Structures are given as structure tokens and as C-alpha cells.
Amino acid sequence: MAITDKLADHLKDKTLAGAGAFVAGTWREQSADGKTFDVTNPANGAVIATLPNCGRTEVDQAIAAAHEAQKSWAKKTAKERASILRALYDLMVENADDLATILTMEMGKPWAEARGEILYGASFVEWFGEEAKRMYGDMIPGHQTDKRIMVIRQPVGVVGAITPWNFPNAMLARKMAPALASGCAMVCKPAQMTPLSALAIACLAERAGLPAGLLSVVTATSSSMVGKAFSEDDRVRKITFTGSTEVGRILMRQGADQIKKMSLELGGNAPFMVFDDADLDAAVEGAIASKYRNAGQTCVCANRLYVQSGVYDEFAEKLARRVAELTVGDGMAEGTDIGPLVDEAAVEKVKDHIEDAVSKGAEIRLGGEHHEKGGLFFQPTVLTGVTPEMKCAREETFGPVAPLFRFESEEDVIAMANDTEFGLASYFFSRDLAKVFRVAEALEYGIVGVNTGLISTEVAPFGGIKQSGTGREGSKYGLEDYTELKYICLGGIE
Ligand SMILES: NC(=O)c1ccc[n+]([C@@H]2O[C@H](COP(=O)([O-])OP(=O)(O)OC[C@H]3O[C@@H](n4cnc5c(N)ncnc54)[C@H](O)[C@@H]3O)[C@@H](O)[C@H]2O)c1
Ligand SMILES: O=C[C@H](O)CS(=O)(=O)O
């Protein structure tokens, strides 16, 4: 059994996290070279699982099995593929409590947030099961009397997926669902800190009747080995990656030799703007939702909060009062709002950003310290008097820190908001309709939240511009990333 009692004792279904890596349709408790690695609970450091540390042998086996299984899978009707995705959706919902417990104990987020992530991940499986039936093509009026022009969509083939630790269920579901719906096969390498959520999805996919080989979950500590395997093997037609921009850049370079099709969901540096005419209470709630969700460890978290002068002091006061109500603790404990950060490096980065800001003149309105619980817990923090020279203005903090910048005019704040190499999510609060359109159209981002801090849904296209990535996940557009267009020119039709 891969999982320990530290996790099994919290599960109704103890087999859900699988029994090792899921490679080419079989569960592997051992890798070819016999190496293993531990998965620990960031709330207390307890070992919750020991998994095989897969090598190139397992990755190659997974790719070969995917390449074989995908041929017959692509020949099934959309309805046949949709029915298996629907069965998987139903199983994810039925097992949501256990899936949430697995997620919280390997990643740390509060259980209620984890359960929300499970339903969010499941929503992509439901959505793309339906979209499978709408993989339409075109009939185009011919350019000559004897010609008929057809355009069809066909699955890309084998997809290599690499996913991050902060949404270990939803980030795989958001890739696997359109891939399987369109007739592709997938080999996934989850983050080594959080592999169990992906293994649980594979376990339920097997129970839902997904044919062997179509989905593999390779658990490995050498992520660069997996990235190279995906890049070098021409049976892998596409790489889909969610994670940091620097790793996305590496994968893009490695994929260039084979002109590998790429979907990249990368880093962010989201501006969150509050104008004088905003509903301040709504803006505060929006800031709480956007900034402190997952302890600030999401790619779409507000990273820079710009507040117009006329409401700056009132907003800062209201926000600090609301943040002070947040409870820090173990994600499995009732009432926890802010769980532990994922690792020591994350804690050090948060400390560095705070120390840098204070050294350049910012003030700590609230928090700013390592939490008294110690370990990976950090106090939710509000900084005021923040300026563009500070690290938190240019780097993704990825922690529970809200740096408040003051601004005077609409033109100034748009210029500051756009002054970054990132372009994923952005947010602003205003009740002036003309301003809403002007600002939304001027922001250089893939996503704009207006009078809301929460934008994530399966029905909308999620993705960024500039160095936040390429491609879109979710929505009717999400299927396109897993298909190729084929133009068929029919001649001799007299
Ligand atoms: N745009 C989005 O949808 C989205 C979602 C979640 C996280 N992110 C971003 O991800 C970052 C945080 O997540 P993270 O710390 O897991 O990112 P990361 O880039 O360090 O790791 C992401 C995944 O890539 C793997 N990896 C690392 N180096 C690799 C290499 N050389 N070759 C192949 N794979 C490699 C990791 O093992 C992990 O599975 C943040 O920048 C965040 O903004 C973006
Ligand atoms: O980290 C960013 C993920 O994409 C999470 S969400 O889609 O915004 O919930």
C-alpha cells in the first residue's frame, strides 16, 4: 500500500489514492530501479505515502501504451467517450470528501477549499464530456465548380502533461478532460509534493471504464527527465504544462526541435485595482477571495493591490480588519482559512518580499511574521506604502501578503498594472460603466475580473498572454488545444 495510516485513517475508501504509480494500465509499487520517495503533510511533516520514483523506463512504457491505446480510443464515437467521462465525473463527486482529504493532506489547503477544488476539477470532466459531441468541422463553398471543401477536427494524439502542486486535482482534470474527450491519450507527471490527487483521479478513471494505457500518472522526482522524454519522443505530439514561467520557457526550448504543440499556463502578477467609485465592502471581499485563497498560492491571486487616493486609507483599514479575522491552521481543522505554505522555500520568499518592501519604506499594517504555530505557517499580511521599486511589485509572491499601492489617475494605474512581463489575471472595482469598459479593454491580460475577485469556472477560457503562457483551458475553446484541423479538398464532383 503506497499510503500510510497517517492518511488512510482519514479515508472512507483507503484504496482511492491507488497503490503506487499508474503506468500503462498497471499499478506499480516499485519502479524498475527500486527507488522511492515520500509524500509529506505540509501541516506537520508527517509521511503520508511512499511512492515509486519512476525513471525513463516507466515514462517510455507509459508513452508506448498511450500511443497504442489512443488509436482505438480515437475511433470511438464522441458519445462513447462522453459516457466514460460522465461516469468519471459521477465518481469524483461521489468520492469528493476522500479526494478533498487526500488533497488537503498532501498540499495543505483548508479542507473546504480542497473540496471546492474537487468539484471544480470534476466540472471540467463533465463539461468536456459534453463538448466531445461538439467537435464540429466545416463544409466550405468550393473555389471551383467540381470542388467541395471539408474541414474536420482530429485528436492531436499522445499528450504529455506536467502539473503543479497548488491545484493538484483541478490542474490535471483541466487537461485530461479535453484530451480524453477529443480522443487523445495522456501521460501525466504531477508535482512530486502532491502526486496522490492525480493518482486518485487515475484510480477513479479506471473504475469508470477508461481503457488501459489511455491515462498514466508517472510519479517521479526528476521532472526534467520527464520533460526531456516528452520533448524527445515524437510519439508525444503535444506537451501541456502548468507551472512557473521559467519552467515553461525550458519546455518551449526543448520542444522546439520537434515543433511540439504546446499549451502553457504559467506565472502571474495580477493587479487588483480599487477606484474611488468602487463599492469598498465588495472590493474588500474581492481582495480576500483573490489574495488569500490557497494561502495566496494561486497563479491568479491578486499580487499588487492598487487603491485610488480618495479611498486608500478607508480600504486599508477595512481590509486589515477583515484579514485579522482569518484563522491560520491545519487544513483538516474546522474553521481554518489559511493553511501552511507548501515548503520552506515558499516561506523564505514571503519573508524576503516583506523585508525588501519594509527596507524600501513600506509599512506592515498587519501580520508580517512567521506564524506562532511555526513550521510552514505564515501570518496573513497587509503592507501599506508599497511602491513599484519593491520586489513584490515585480515578482509573484505566492503567499498571503497584500501589498497596497496608492494611485491618482486611471491612466497612471493602467500603466502600472500593465508594467509587467506577465498577463494572466487582473481585477478592478468600479461602478462607472464607461470606466469599466475603458479599463477592461486597456488591461493586457487574458482574464479581467470586474467587481469580483473570483473568475475560475469551466465555462470560460482560462489562460494568459505575454509570459503567462499560450493556449486556453476550459470553455468551448479548450477542446481546440487538443485537436488538429484537417482540410480535405474533394475534386471531380461534377
Ligand atoms: N497559469 C496557471 O494556470 C497556473 C496554475 C498553477 C500554478 N501556476 C504557476 O506555477 C508556479 C507554482 O507552481 P510550481 O512551484 O509547481 O511550479 P514549477 O514550475 O516549479 O513546477 C511545475 C511542475 O513542473 C515540474 N518541473 C519543474 N522543473 C521542470 C523541468 N525542468 N522540466 C519539466 N518539468 C519540470 C515540477 O515538478 C511540477 O510538476 C507559479 O508560478 C504559478 O503562478 C500557474
Ligand atoms: O493557480 C491557478 C489555478 O489555475 C487555480 S484556478 O483555476 O484559478 O482556481
Side-chain angles (χ1 to χ4, degrees), residues 37 54 59 107 109 113-114 116-121 123-124 160-175 188-195 197-198 217-232 239-255 262-270 289-290 293-303 341-343 345-346 349 395-399 421-425 427 445-447 449 453-458 460-475 478:
F37 67 95
C54 295
V59 176
M107 188 261 142
K109 71 176 64 174
E113 269 192 44
E117 181 186 336
I118 301 305
L119 298 181
Y120 176 52
S123 73
F124 289 98
I162 299 173
T163 54
W165 50 262
N166 61 342
F167 286 83
N169 174 289
M171 293 306 97
L172 172 55
R174 198 160 82 175
K175 298 170 183 302
C188 172
K189 200 290 298 179
Q192 76 175 75
M193 295 92 96
T194 57
S197 294
V217 176
V218 175
T219 55
T221 58
S222 173
S223 44
S224 55
M225 173 276 293
V226 178
K228 276 175 66 58
F230 288 166
S231 304
E232 293 166 356
I239 293 175
T240 177
F241 170 74
T242 295
S244 62
T245 292
E246 50 266 35
V247 175
R249 200 171 284 122
I250 291 170
L251 291 170
M252 214 170 189
R253 286 199 187 101
Q254 288 175 185
M262 289 269 166
S263 291
L264 301 172
E265 297 287 348
L266 305 177
N269 180 7
S290 171
R293 178 164 71 109
N294 204 15
Q297 300 172 116
T298 95
C299 56
V300 291
C301 279
N303 200 60
L341 299 185
V342 72
D343 58 18
K349 184 173 188 181
E395 298 171 8
E396 195 176 32
T397 302
F398 234 58
E421 66 271 30
F422 296 104
L424 184 57
Y427 309 87
Y445 290 85
I447 304 168
L454 289 174
I455 43 81
S456 311
T457 168
E458 77 281 9
F462 186 106
I465 63 174
K466 297 168 50 176
Q467 297 186 35
S468 286
T470 61
R472 291 296 183 269
E473 296 187 325
S475 81

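In what follows, residues are counted from 1 in the order of the sequence shown. The basis for the numbers below is simple: all heavy atoms, side chains too, and nothing from hydrogens, waters or symmetry mates. Computed from a prediction, not measured in an experiment: that's the story for all the values here. Just so you know, ligand 1 is whichever comes first in the structure, and atom 1 is the first atom listed for that ligand.
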re atom 3 (O) of ligand 1, the protein heavy-atom contact at minimum distance is Arg174 NH2, 3.0 Å

In ligand 2, the atoms that come under 4.0 Å of a heavy atom of Arg293 are 6 (S), 8 (O), 9 (O)

Checking heavy atoms under 4.0 Å, the part of Met171 that sits near ligand 2 is side chain

So for Gln297 against ligand 2, with non-hydrogen atoms under 4.0 Å, the contacting part is neither

Nearest non-hydrogen protein atom to atom 7 (C) of ligand 1, with distance, is Asn166 ND2, 3.4 Å

*asked:* Check this for me: Met252, atom CE, are more than 12 non-hydrogen atoms of other residues, nucleotides or ligands nearer than 6.0 Å?
replied: no

**Asked** Is Thr245 in polar range of ligand 1, meaning some N or O pair under 3.5 Å apart?
**Response** no

Atom 8 (O) of ligand 2: closest protein heavy atom, distance to 0.1 Å, is Ser456 OG, 2.8 Å

**Prompt:** Counting only heavy atoms not in Lys228, do more than 12 fall under 6.0 Å of its NZ?
**Reply:** no

Looking only at protein heavy atoms, what sits closest to atom 2 (C) of ligand 1 is Cys299 SG, 3.2 Å

**Message:** Using a plain distance cutoff, I'd like to know if Thr163 has any nitrogen or oxygen under 3.5 Å from a nitrogen or oxygen of ligand 1.
**Reply:** yes

the protein heavy atom lying closest to atom 24 (O) of ligand 1 turns out to be Phe241 CE1, 3.2 Å

When distances are taken from atom 9 (C) of ligand 1, the protein heavy atom at minimum range is Gly243 O, 3.1 Å

(Q) Under the criterion side-chain contact (heavy atoms from CB on, under 4.5 Å), I'd like the reasoning laid out for Leu424 against Leu266: C-alpha separation, chi angles, the key distance, then a yes or no. (A) CA-CA 8 Å; Leu424 184 57; Leu266 305 177; over 6 Å; no

Residue, atom and distance of the protein heavy atom nearest atom 31 (N) of ligand 1 read Ser224 CB, 3.8 Å

Nearest non-hydrogen protein atom to atom 33 (C) of ligand 1, with distance, is Ser223 O, 3.3 Å

In this structure, atom 15 (O) of ligand 1 is nearest to the protein heavy atom Trp165 NE1, 2.8 Å

> Is it true that Met225 lies under 4.0 Å from ligand 1, counting heavy atoms only?
Replying inline: no

Applying side chain to side chain contact (heavy atoms under 4.5 Å, CB included) to Glu458 and not counting sequence neighbours gives Ser123, Phe124, Trp127

Taking only non-hydrogen atoms of Thr298 and a 4.0 Å limit, the atoms of ligand 2 in range are 1 (O)

The atoms of ligand 1 lying under 4.0 Å from a heavy atom of Ile162, numbered in the order shown, are 23 (C), 24 (O), 25 (C), 33 (C), 34 (N), 39 (O)

Ligand 2 atoms nearer than 4.0 angstrom to some heavy atom of Val300 are 8 (O)

| field | Nitrogen or oxygen of Ser244 less than 3.5 angstrom from that of ligand 1 | value | yes

Going by the 4.0 angstrom heavy-atom rule, the piece of Asn166 near ligand 2 is side chain

min-distance protein heavy atom vs atom 7 (O) of ligand 2 -> Tyr120 OH, 2.7 Å

Take Phe167 and Asn294, measure what side-chain contact (heavy atoms from CB on, under 4.5 Å) needs, and give me the verdict at the end.
CA-CA 9 Å; Phe167 286 83; Asn294 204 15; 3.6 Å; yes

If I apply the N/O under 3.5 Å rule, does Leu266 come out as touching ligand 1? yes

Exercise. Hey, does Glu396 sit under 4.0 Å from ligand 1 if you only count heavy atoms?
Worked result: yes

